[in-house]
Amino acid sequence: MFCVFLIWVKMIEDEESIEEVKESEEELIVEGKTIYEAQQPQNTGPCYLLSVTYSGDRGCALVKLYDPEAKKIYYWYDNSGHKPYFYTDIPIDELRKDSRVIGHKGFDHFERIELYDVLRDRKVIMTKIVTKDPLSVGGARGALRDIIIRNWESKIRYHHCYIYDRQLIPGLAYRIVNGNLVLIKPVLPKEMEDELIKRVLSPEEFEEEYVDALIEWASILSYPIVDIKRIALDIEVLMEIKNTLPDPEEAKLPVIAVSAVGNDGLKVVHVLRRNNISEGDKKDALNGVEVKFYDNERDLLMDVFKIIASYPMVLTFNGDAFDLNYLWHRAIKLGIPKEKIPIILTRDSAMVVPGIHIDLYKFFANRAIKVYAFGNKYKDEDLDSISNALLGKGKVKIDRSVNELSYNELAAYCLHDAELTLELTTFNNNLVIVLMLLLARVSRLPLEDVTRLGVSKWVQSLFYFEHRRRGYLIPNKEEIKNVKGEATTAAVIKGKKYMGAKVIEPIPGVHFNVIVLDFASLYPSILKIWNLSYETIRCPHEECKVKRPIPDTPHWVCTKKRGLTSIIIGVLRDLRVNWYKPKSKDKNLSQDLRFQFNVVQSAMKVILNASYGVFGAEIFELYCPPMAESTTAIGRHYIDNTMKKAEILGLKILYGDTDSLFLYNPPKNQLETLIKWAEEELKSDLDVDKVYRYVSFSNRKKNYFGILEDGSFEVKGLKGKKRDTPDFLKESFKEVINILSQVKTPDDFEHAKQQLWKIIDEQYHMLKGRRIPLDKLAIRAQLGKDPEHYDKTTPQHVKAALMLKKYNVPVKKGMTITFVKVNKGDINVMPVQLARIDEIDIDKYIEHMKTVYEQLLDALGIDFETLLGKRSLEGFIN
DNA sequence: GCGGACTGCTTACCT
DNA sequence: ACAGGTAAGCAGTCCGCG
């Protein structure tokens, strides 16, 4: 049974009768693969749309549906004759004379289509060039879009095109009724609709279009969510060279173990028998686990393939680049026929048949997911770091290569990785799966795509969907640039395209009773209130130039038509701020329900936070610098005016960054007046975000710490918590913060200062006496590129990486290098593995200490040197 | 030829 | 392959020093 998500959405079903789905036992070849499970029934109950792909076999779209009753994947093929196409503005008559078009083997026919040109606010007649297959539009040599240069919408992948034209929403439930795909419509009960409108909208927003969009989005986001039967896989391969990941394309050496762990309880490890490998001690981890031994690798792989083919969802960690890739090439090498391998490799991913494959590495490495959904809890993107941060447990540590492990050790090791992989999707009530499904709904992308693509593609997909729904022609990137032009403001940072947010100079010192005000979702609010969108900024109407100029820019915005971005992002923002977020904290609701509201609001957060940025990103198809710079210009305008108003009210501003103001002990009245003013004048929600017992600023921006009312503390931007600070400093820094968090009144500070001094002094002497172990002195820094590609300078971590390379340790982009600073002739840096304690450059570490503590001490009015000077005798002796 | 002032590159953070 | 703004450390360069 599917789990009912938010109970108030009803699923309205059609009345038609449902025939029993016939089970088929025989093996079928579908899409060039032997399949055991997938069926193409004429009628089904509610099934969730997970994916759409292109069927090469039948030359049409193929929809993959998940039946939560049978826990199976069904295939549904397009039955409407939908075909690939693109547009040109060349009239049909003219095209008919072009033999390269008419004579093209993939050409099907022309259609004359009227569309709406959003950039020029007028109708436009286009020619639709319909082809027999997607490659004839683009991709193959001599494709039609390369012949007809003046083209539109030719770069949209066909399976996405199908979703947009049919207005399909991945993640919602459909039924197959007499061979047709029918949406089970989400419908809000009337009383819910009323509450929603009352709580989310202010009266002047009651324009029909906005209300409709609000209701529609609420129905989609609160639609029931399904739990999906799934299996996590992990493989171990015999290693040729120590520390080197075997090349999957070569697949030289055998697969020695494959584990599979399902959320249906299946736990199995397939192990290949080899010479001279001992059984090993029995492992507790293997209790209740089936360990199957094989003498023949081919048999092992065939059994693994049967498992892959029998699950609707397959999970891996880095399976696109490694596990599934290796399995495929290895199987081919062993002479297994292609149709028996339920894996399809594409340029940079691996798909499975008949289900879908999710590579968790790609999902968790997505910056937006990492930062906004998981609050930067994991720093590195490997299975060990992610599971440590999210599950509280890491990988099994092994001290030898997998080649040398006993069978029991190997099986336990391999099993554990698959268990972690599965658990990353099951922890917290299937949080991750729910998140993925919600993101698929919002972006309108197949689950396989939404988990592999970045935010710019999510937003692009959602916008394309909305263009198609409204009959808008999707403009080309060049065209937007020609009509709207470039940015006009000068960035503060060299090399950036336009001016961004404003940061207010902090007032150094310790401040008690501080209140932080911030604008709720500032940029999305601005997009909504100011009607910003790529098509409405610098619109073609003369009167708008005068009527609605954008402050501090030469731009203006349309007063005649609602912008797409304004409406979509506006509705999502309003729903998050006024509905999902408050509901997620509503103590009257059950914990379960609150949790579900919370997942929705965090999925929306991911999208909303990116919604402004993509318009300033060149890679985004609707790239529009004037729109992006208008957003930040209005943001600065808001902060400036709010500061002015606050000063008039006599409030003392201590600091502010982008959308926030830190106020010193503001009287309630004035605070309320300010909030009310923002609501009336700026049409924006200014909220009390935090109340600090005290905040401590140095003279540095983006750099402070504060103790909240409940005694918990927040540390922002301080060197002491950054990744490139050595552990010995991170640890003592934490101690110091802990001491400071005990401070309740200004008088408590004297005592705290004493303790603080003791810690710093002790550490100083430990350092001078070389009594701090090497690994605590190690500095970690990530390689932004492969070490050979640093041509401008050679930073220290790169020097260390190059030294490691000489010892045949593989170093490449993305890896974290651990090194220490030494004083050894010309050499001033070494990988921690190669250094000795007596080679350490103590003075450099004293400098580190100084920066870490100065950021704190500046605020307390203490000088680091003076602090150490109290024990200056020691200093002279050393 | 050397050291200080400067710029630029790089990483990690904040909003 | 979402944005810009800030801090810090080091590499490399320029310039003045009779």
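In what follows, chains are A, B, ... by sequence order, proteins preceding strands, each numbered from 1.
- Across all strands shown, Ala501(A) has heavy atoms under 4.0 Å from sugar-phosphate atoms exclusively, and none from any base.
- A cation-pi contact, defined as under 6.0 Å to the ring centre and within 45° of the axis, links Lys785(A) to Tyr790(A).
- Residue Lys497(A) is in sugar-phosphate contact alone, with no base atom involved, counting any heavy-atom pair closer than 4.0 Å across all strands shown.
- OP1 or OP2 of dT15(B) has at least one side-chain nitrogen or oxygen of Lys716(A) nearer than 4.0 Å.
- Side-chain nitrogen and oxygen atoms of His797(A) include at least one within less than 4.0 Å of the OP1 or OP2 phosphate oxygen of dT11(B).
- Not one side-chain nitrogen or oxygen of Thr793(A) sits closer than 4.0 Å to the OP1 or OP2 atom of dC9(B).
- Remark: P of dT6(C) and CE of Met499(A) are 10 Å apart, rounded to the nearest angstrom.
- Between Thr851(A) and dG9(C), a side-chain N or O to OP1/OP2 separation shorter than 4.0 Å is present.
- Contacts of Tyr790(A) with the nucleic acid, taken as non-hydrogen atoms under 4.0 Å apart, involve only primed sugar atoms and P, OP1 or OP2.
- Residue contacts for Val492(A): at a heavy-atom cut-off of 4.0 Å it reaches the sugar-phosphate backbone alone, with no base atom in range.
- A sub-4.0 Å separation between OP1 or OP2 of dA8(C) and a side-chain N or O of Arg700(A) is present.
- Residue contacts for Gly613(A): at a heavy-atom cut-off of 4.0 Å it reaches a base atom on one of the strands shown.
- In the set dA3(C), dC2(C), dA12(B), dA3(C) carries the atom at the smallest distance from any side-chain atom of Tyr612(A).
- Counting non-hydrogen atoms under 4.0 angstrom, Phe620(A) reaches nothing in the nucleic acid.
- When the C1' atom of dT15(B) is taken as reference, atom CG of Asn376(A) falls 13 Å away, rounded to whole Å.
- Tyr704(A) comes within 4.0 angstrom of sugar-phosphate atoms only, judged by non-hydrogen atoms across all strands, and of no base.
- Counting only heavy atoms from C-beta on, Ala617(A) has its side chain closest to dC2(C) among dC9(B), dG5(C), dC2(C).
- Surrounding NZ of Lys844(A) are at most 12 heavy atoms belonging to other residues, nucleotides or ligands under 6.0 Å away.
- Looking at heavy-atom distances under 4.0 Å, Thr632(A) makes no contact with the nucleic acid at all.
- Between the CG atom of Leu729(A) and the C1' atom of dA12(B) there is a distance of 16 Å, rounded to whole Å.
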(message) For a ring-ring contact (aromatic ring centres under 6.0 Å, His included) check, start with the C-alpha distance between Phe364(A) and Phe374(A), then their side-chain angles and the critical distance, and finish with the verdict.
(response) CA-CA 9 Å; Phe364(A) 283 105; Phe374(A) 294 106; 5.6 Å; yes
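- Residue Lys494(A) is classed as a sugar-phosphate contact, given heavy-atom separations below 4.0 Å to backbone atoms only.
- When the nucleotides dT15(B), dT10(B), dA11(C) are ranked by their closest atom to the side chain of Thr658(A), dT15(B) comes out on top.
- Annotation: cation-pi pair Lys605(A)/Tyr372(A) absent, no NZ/CZ under 6.0 Å from the ring centroid and within 45° of its normal.
- Between the side chains of Ser698(A) and Glu854(A), not a single donor N or O lies within less than 3.5 Å of an accepting N or O.
- The nucleotide whose nearest atom lies closest to any side-chain atom of Ile493(A) is, among dC10(C), dT11(B), dT6(C), dT6(C).
- Using a 3.5 Å distance cut-off with no hydrogens or angles, the side chains of Tyr612(A) and Thr565(A) do not pair a donor with an acceptor.
- When distances run from any side-chain atom of Ile619(A) to the nucleotides dA1(C), dG4(C), dA3(C), the shortest one goes to dA1(C).
- The phosphate of dT6(C) (OP1 or OP2) has a side-chain N or O of Lys701(A) nearer than 4.0 angstrom.
- The side chain of Gln782(A) places an N or O atom within less than 4.0 Å of a non-bridging phosphate oxygen (OP1 or OP2) of dA12(B).
- Residue Lys850(A) is out of contact with every strand shown, counting any heavy-atom pair closer than 4.0 Å.
- Across the protein-nucleic acid pair, Arg636(A) atom CZ and dT15(B) atom C1' stand 14 Å apart, rounded to whole Å.
- An OP1 or OP2 oxygen of dT10(B) is reached within less than 4.0 angstrom by no side-chain nitrogen or oxygen of Gln796(A).
- Summarising the geometry, the separation between NZ on Lys792(A) and P on dT11(B) is reported as 12 Å, rounded to the nearest angstrom.
- Close to dA11(C), at under 4.0 Å from its OP1 or OP2, lies a side-chain N or O of Lys799(A).
- Evaluation of atom-type donor-acceptor distances gives a pair under 3.5 Å for the side chain of Tyr372(A) against the base of dC2(C).
- Residues Glu153(A) and Tyr464(A) have side chains that never bring a donor and an acceptor to within less than 3.5 angstrom of each other.
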(request) List the steps, then state whether side-chain contact (heavy atoms from CB on, under 4.5 Å) holds for Leu439(A) with Ile369(A). (result) CA-CA 11 Å; Leu439(A) 291 169; Ile369(A) 295 296; 3.8 Å; yes
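- Nearest-nucleotide assignment on DNA chain C puts the 5′-proximal partner with Asn609(A), out of Asn609(A) and Lys502(A).
- Between the CE atom of Met627(A) and the P atom of dC2(C) there is a distance of 16 Å, given to the nearest Å.
- In this structure, Asp841(A) places its CG atom 13 Å from C1' of dC10(C), rounding to the nearest Å.
- The interatomic distance linking His789(A) (NE2) with dT10(B) (P) rounds to 13 Å, in whole Å.
- Taking only side-chain atoms of Lys379(A), from C-beta outward, the nucleotide of dT11(B), dC13(B), dG5(C) with the closest atom is dC13(B).
- The listed nucleotides are dG4(C), dA11(C), dC2(C); the one nearest the side chain of Lys496(A) is dG4(C).
- Counting only heavy atoms from C-beta on, Lys722(A) has its side chain closest to dA12(B) among dA12(B), dA11(C), dG5(C).
- The side chain of Lys844(A) contributes no N or O atom lying less than 4.0 Å from OP1 or OP2 of dG9(C).
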